[in-house]
Amino acid sequence: MRERIVQLGYGAYERVLQRELSGTPSHVAVIQDGNRRYARKQGVETTQGHSEGAETTEALLHWCDDLGIDEVTLYTFSTENFDRPPEQREYIFDLVEEKLRSFADADRVHEAEVCIRAIGEIDMLPERVRDAIDYAEARTGSYDRLNLNIALAYGGRAELLGAARDVTERVDAGELAPADIDADTIERCLYEGPTRDVDLIVRTGGDERTSNFLPWHANGNEAATFFCAPYWPEFRKIDFLRAIRTYQNREASWRTTRARRAMSLVQAVEDADLPQARRALGRFRDALPSKEREELNGELETAD
């Protein structure tokens with residue numbers, strides 16, 4: 001009886017959270033942390049923690065598809081993870097291989113038109129994992145409705161260092177002038193995978209850090225971050241909806257900040273520049289609180 005009441009309450013809260021959402025991020029990056037700690041808490045083998053975590057990953061993809069999210073990047077295996085005991089690494093590699101092949105063959109993946117890509121130092125992975133990557137990418141490469149990036153043997157510093165080396169080699173070869181180096185130049189040298197900047201980073205397991213994950217695509221875009229206590233196998237849809245609410249609140253705050261800056265511009269410019277300043281403000285005016293918006297309208301009418 002108690003479990004039934006809990007389930008009813010959970011469902012009601014999930015519906016409330018979903019109704020509160022007015023928009024969703026385009027690109028969500030997830031650090032799936034806590035599989036081993038979850039296993040220790042349950043008194044089971046570490047491998048079971050990873051297996052249950054993989055089930056949460058499948059559920060996450062369903063949630064993203066239902067919510068209309070365009071891109072998901074999963075931090076699956078970092079370059080630092082190579083330091084783990086061999087038996088742990090091998091189990092993770094077996095699990096990754098299995099899931100890549102099952103995802104690539106799943107009807108739901110094809111119905112949702114999910115494009116699977118792997119990003120990272122792929123050459124460091126065992127051949128069987130590389131073969132599974134090739135299989136998944138070939139099976140889903142023509143899709144573009146939901147991009148799923150699997151970060152394997154990934155390290156953000158290594159990615160940026162590799163890009164810096166590529167740019168330096170092009171400059172040394174005379175193919176690129178230093179003055180022509182810009183953000184697009186760097187992006188073309190990053191791992192092929194993410195097609196857009198990260199809007200939201202989610203990390204489970206209680207640690208409040210982003211662990212060298214997508215520094216160019218996330219930090220450069222000042223992505224919203226959501227840290228939560230549940231270990232990855234315990235992560236639920238209501239936790240994900242809370243994460244999206246964090247992103248939504250951050251975006252609303254940014255819109256208000258931009259509107260206030262635009263309002264200050266209108267108040268500061270000379271009459272000759274007023275039409276241009278008004279156009280700048282027009283894009284953000286609705287983000288202002290109603291009282292500030294009324295005051296601004298009065299100032300603009302006075303300026304006329």
Side-chain angles (χ1 to χ4, degrees), residues 25-31 70-82 115-125 130 133-134 136-138 140-201 209-225 247 250-251 254-255 257-258 261-262 264-265 268-269 272-273 275-277 279-284:
S26 180
H27 184 181
V28 177
V30 183
I31 301 172
D70 299 310
E71 188 158 10
V72 183
T73 301
L74 303 175
Y75 208 174
T76 304
F77 192 86
S78 71
T79 49
E80 290 79 9
N81 290 152
F82 282 104
C115 179
I116 300 173
R117 296 188 188 94
I119 62 172
E121 303 292 334
I122 305 303
D123 291 342
M124 296 176 65
L125 297 168
R130 298 199 304 271
I133 290 170
D134 290 341
E137 291 182 343
T140 65
S142 62
Y143 299 141
D144 62 2
R145 182 170 140 197
L146 172 61
N147 292 314
L148 171 60
N149 308 308
I150 311 292
L152 291 165
Y154 176 87
R157 284 187 176 182
E159 181 178 27
L160 293 179
L161 284 171
R165 292 191 189 102
D166 289 346
V167 170
T168 302
E169 289 173 3
R170 292 183 59 196
V171 171
D172 288 344
E175 300 172 1
L176 179 66
D180 293 333
I181 299 172
D182 57 15
D184 289 338
T185 307
I186 302 298
E187 286 197 0
R188 285 193 291 270
C189 296
L190 299 174
Y191 298 140
E192 183 178 355
T195 62
R196 50 179 62 78
D197 286 337
V198 175
D199 300 307
L200 171 65
I201 290 183
R209 51 195 173 90
T210 56
S211 295
N212 199 23
F213 189 34
L214 298 173
W216 181 274
H217 294 92
N219 296 348
N221 191 43
E222 297 190 26
T225 54
Y247 157 80
R250 203 291 302 266
E251 285 298 294
W254 266 105
R255 285 195 298 272
T257 299
R258 293 187 188 110
R261 287 174 179 169
S264 297
L265 173 65
V269 297
D273 296 323
Q276 182 178 354
R279 285 194 295 272
L281 178 61
R283 296 183 312 211
F284 306 113

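Everything quoted here is computed from the prediction, not taken from an experiment.
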Next on the checklist: Give me each pair satisfying salt bridge (charged side-chain N to carboxylate O under 4.0 Å, His left out) with a member in residues 144-165, each pair once, sequence neighbours excluded.
Outcome noted: Asp65-Arg145
Would you name the heavy atoms of [X] and [Y] that are closest together and state the gap between them?
X: Ala118; Y: Ile122; result: CB-CD1, 3.9 Å
X: Ser26; Y: Asp199; result: N-OD2, 2.8 Å
X: Ile116; Y: Glu137; result: O-CG, 3.3 Å
X: Thr185; Y: Ile181; result: OG1-CA, 3.8 Å
X: Pro215; Y: Gly156; result: CD-CA, 3.6 Å
X: Arg117; Y: Gly193; result: NH1-O, 3.4 Å

Next on the checklist: Counting only heavy atoms not in Glu192 (residues, nucleotides, ligands), do more than 12 fall under 6.0 Å from its CD?
Outcome noted: no
Next on the checklist: What verdict does the side chain to side chain contact (heavy atoms under 4.5 Å, CB included) test give for Asp197 and His27, after you've listed the backbone C-alpha separation in whole Å, the side-chain angles of each residue and the deciding distance to 0.1 Å?
Outcome noted: CA-CA 7 Å; Asp197 286 337; His27 184 181; over 6 Å; no
Item to check | Which residues share a salt bridge (Lys or Arg N to Asp or Glu O under 4.0 Å) with Arg209, sequence neighbours left out | outcome: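 By the salt bridge (Lys or Arg N to Asp or Glu O under 4.0 Å) rule, Arg209 matches Asp207.
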Next on the checklist: Tell me whether the rings of Phe213 and Tyr75 are parallel (<30°), tilted (30 to 60°) or perpendicular (>60°).
Outcome noted: parallel
Item to check | side chain to side chain contact (heavy atoms under 4.5 Å, CB included) between Val167 and Arg170, worked out | outcome: CA-CA 5 Å; Val167 170; Arg170 292 183 59 196; 5.8 Å; no
Next on the checklist: By the definition side chain to side chain contact (heavy atoms under 4.5 Å, CB included), identify the one residue from Asn149, Ile31, Ile150 that meets it with Leu74.
Outcome noted: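 When side chain to side chain contact (heavy atoms under 4.5 Å, CB included) is applied between Leu74 and each of Asn149, Ile31, Ile150, only Ile150 qualifies.
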Checklist entry - Between Thr210, Leu214, Thr225, Thr73, which is the residue that forms a side chain to side chain contact (heavy atoms under 4.5 Å, CB included) with Val198? => result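 Answer to the side chain to side chain contact (heavy atoms under 4.5 Å, CB included) test with Val198 among Thr210, Leu214, Thr225, Thr73: Leu214.
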Item to check | Rounded distance [0.5 Å steps], NE2 in His217 versus CD in Glu187 | outcome: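 Those atoms lie 5.5 Å apart.
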Item to check | Glu121 and Thr79 side chains, donor-acceptor separation under 3.5 Å | outcome: no
Checklist entry - Side chains of Phe82 and Leu125: does their closest heavy-atom pair fall under 4.5 Å? => result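 A side-chain contact under 4.5 Å exists here.
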